[in-house]
Amino acid sequence: MPAPPLIEVEGLRHAYGVGSGLVWALDGVSLSVERGEFVAIMGPSGSGKSTFMNILGCLDTATAGLYRLDGAEVSRLHHDALAAIRNRKIGFVFQSFNLLPRVSALENVELPLSYRRMLAGKRRRHALAMLARLGLAERAGNKPAELSGGQQQRVAIARALVTEPLLLLADEPTGALDSQTGQEIMAILRRLNQEGLTIVLVTHEAEVAAHADRIVAFRDGRVVSDRAVIQQNEQAGIGQRLSEAGRYVR
Ligand SMILES: Nc1ncnc2c1ncn2[C@@H]1O[C@H](COP(=O)(O)OP(=O)(O)OP(=O)(O)O)[C@@H](O)[C@H]1O
Ligand SMILES: [Mg+2]
């Protein structure tokens, strides 16, 4: 049997607040993401992108609807079970890096491994190898404030990937960076995707989204378009890609 999609979401709805103050941040989102895909989510401010990412990342559970991750239903799980899935299957990268300021790059990257009770020596080896993959071997001993924005985001990516997650979620990972540094981060994400990592990323910038294989647009808590991106080095497969590009939802 073929593996199920990595992400399957059906009729997802999410409300904030109560009574007359209720806001439906998500209002019926259905989509699937296959293993190995690189998806960019775009849409105006307040359209529900971060709400959707937080649910995909098991940081929150939806008010209604289904979410299957890696073939398993996670919609109705409670806090501890969600935390376990988050630690085992998901890496998260944020706009503001969210590194611990008082400890080194290396200790930041080691942190998710210490939750797994991995022995110190092994933990250090894994974290150093991941920092080296992101070109930061020489910076392992520096604290976040001693690093540039792009370097800090690379530390955050190393921290997200050190547990070898199935899925990397990135909510505006280039939003706090100048455009050249943002492009460098996107080149790194593209390379990781080519190595097999599934990525879902939120961005406001078309030139960032252009690095993905597929762009999903949100508006008012719904998906309003879903289309393939043709990468220049993949022109050979253009016919098939163009047929996929016809998949507009609304
Ligand atoms: N914690 C919260 N409490 C109440 N309302 C919230 C909360 N978080 C988000 N919302 C509301 O839910 C809607 C969707 O917000 P969300 O943060 O998902 O949007 P977004 O697409 O990520 O926007 P942005 O591009 O500005 O980051 C908005 O109307 C927002 O005001
Ligand atoms: Mg947001």
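In what follows, every heavy atom counts, from backbone to side chain, and hydrogens, waters and symmetry copies are set aside. Not measured: the values here are computed from a predicted model. Numbering of ligands and ligand atoms starts at 1, following listing order.
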So Asp178 and Thr181, side-chain hydrogen bond (donor to acceptor under 3.5 Å, both in side chains) or not? Walk me through it.
CA-CA 5 Å; Asp178 64 75; Thr181 309; 2.8 Å; yes
For ligand 1, which atoms have a heavy atom of [X] less than 4.0 angstrom away?
{"X": "Ala25", "result": "12 (O), 13 (C), 14 (C)"}
{"X": "His204", "result": "25 (O)"}
{"X": "Ser47", "result": "19 (O), 21 (O)"}

Contact between [X] and ligand 1, counting heavy atoms under 4.0 Å?
{"X": "Pro44", "value": "yes"}
{"X": "Met53", "value": "no"}
{"X": "Gly17", "value": "no"}

What residue among Leu6, Leu167, Leu197, Ile7 forms side-chain contact (heavy atoms from CB on, under 4.5 Å) with Arg35?
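Of the listed options, the one satisfying the test is Leu6.
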From the options Leu136, Leu131, Val93, select the one residue that forms a side-chain contact (heavy atoms from CB on, under 4.5 Å) with Arg154.
Leu136
To check your reading of the model: name the closest protein heavy atom to [atom], its residue, and the distance in Å.
{"atom": "atom 25 (O) of ligand 1", "result": "Lys49 NZ, 2.7 Å"}
{"atom": "atom 17 (O) of ligand 1", "result": "Ser50 CB, 3.8 Å"}
{"atom": "atom 26 (O) of ligand 1", "result": "Ser45 OG, 2.6 Å"}
{"atom": "atom 27 (O) of ligand 1", "result": "Glu172 OE2, 3.8 Å"}
{"atom": "atom 6 (C) of ligand 1", "result": "Tyr16 CD1, 3.2 Å"}

Looking at every heavy atom in both Gly150 and Ile185, which two are closest together, and how far apart are they?
O-CD1, 3.7 Å
Quick check: are there more than 12 heavy atoms from other residues, nucleotides or ligands sitting under 6.0 Å from CD of Gln180?
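No, the 6.0 Å shell around CD holds no more than 12 heavy atoms from other groups.
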Please check if a non-hydrogen protein atom sits closer than 4.0 Å to atom 21 (O) of ligand 1.
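Yes, because at least one protein heavy atom sits under 4.0 Å from atom 21 (O) of ligand 1.
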Verify the contact flag for atom 30 (C) of ligand 1, where contact means a protein heavy atom under 4.0 Å away.
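Protein heavy atoms within 4.0 Å of atom 30 (C) of ligand 1 - there are none.
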[X] side chain to [Y] backbone, donor-acceptor under 3.5 Å:
{"X": "Ser104", "Y": "Lys143", "result": "no"}
{"X": "Thr198", "Y": "Gly36", "result": "yes"}
{"X": "Lys89", "Y": "Leu69", "result": "no"}
{"X": "Arg214", "Y": "Arg227", "result": "no"}

Taking N or O atoms only and a 3.5 Å limit, does Gly48 qualify as a polar contact for ligand 1?
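Yes, Gly48 has an N/O under 3.5 Å of an N/O on ligand 1.
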When you compare ligand 1 with Gly46, is there at least one nitrogen or oxygen pair between them that comes in under 3.5 angstrom?
yes
Is any N, O or S atom of Ser45 under 2.8 Å away from the Mg ion (ligand 2)?
no
Kindly determine whether Ile41 and Phe52 satisfy side-chain contact (heavy atoms from CB on, under 4.5 Å), including the steps that lead there.
CA-CA 10 Å; Ile41 295 177; Phe52 185 62; 3.6 Å; yes
Are a donor atom and an acceptor atom from the side chains of Thr51 and Tyr16 found within less than 3.5 Å of each other?
yes
Counting heavy atoms only, name the option from Ile55, Leu22, Thr51 that's nearest to atom 15 (O) of ligand 1.
Thr51
